[in-house]
**Student:** 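Next up is a structure, given as structure tokens.
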Amino acid sequence: IELPAHRSCRPVAVRYLFNQEDVARFERLKAKKPECIVRSYLSDQKADSVTDSSTRLGFYIVTGEDLHTVCEDAGLPQNAL
């Protein structure tokens, strides 16, 4: 993935979408802070058809000024650092 120069040295996190709660978190972030989402993909399959990582609903990559902000935006626990 080639990122624009202004984002090239910022921390990033990847969040995979496995259920409707994950999708809802992504939709809230997209509405509130769309500028932090670098790339995303959301399939049109139903959440109940997800059985493992290969059938996940999608993903999104977020970026921010620091790791704390990135983890918060991606919904990752702070001990994930």
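Worth knowing before you read on, the calculation uses all heavy atoms, side chains too, and leaves out hydrogens, waters and symmetry mates.
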**Student:** Rounded to the nearest 0.5 Å, what's the gap from CG on Leu17 to OH on Tyr41? Could you check?
**Tutor:**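 It is 10.5 Å, given to the nearest 0.5 Å.
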
**Student:** I'd like to know if the side chain of Thr63 and the backbone of Pro11 have a donor-acceptor N/O pair within less than 3.5 Å.
**Tutor:**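 Checked: pair present.
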
**Student:** Applying side-chain contact (heavy atoms from CB on, under 4.5 Å) to Leu57 and Asp22, what does each step give before you reach the verdict?
**Tutor:** CA-CA 9 Å; Leu57 300 173; Asp22 294 340; over 6 Å; no

**Student:** Compare every heavy atom of Arg39 with every heavy atom of Phe59, then report the nearest pair and how far apart it is.
**Tutor:**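 Closest heavy-atom pair between Phe59 and Arg39: CE1-O, 4.1 Å.
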
**Student:** Would you compute the distance between atom CZ of Arg15 and atom CD1 of Ile61 and round it to the nearest 0.5 angstrom?
**Tutor:**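 Reported value, rounded in 0.5 Å steps: 14.0 Å.
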
**Student:** Suppose we screen for side-chain contact (heavy atoms from CB on, under 4.5 Å). Which residues come up paired with Lys33, at least two apart in sequence or across chains?
**Tutor:**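 Testing Lys33 for side-chain contact (heavy atoms from CB on, under 4.5 Å), a comparison that skips the adjacent residues, returns Leu29, Glu35, Cys36, Thr69, Asp73.
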
**Student:** Take atom CD in Glu27; do more than 12 heavy atoms of anything else shown fall under 6.0 Å from it?
**Tutor:**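 Count over threshold, so yes.
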
**Student:** Check Val62 against Ala74 and note the closest heavy-atom contact, atom names and distance.
**Tutor:**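 Taking Val62 first and Ala74 second, the nearest heavy atoms are CG2-CB, 3.7 Å.
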
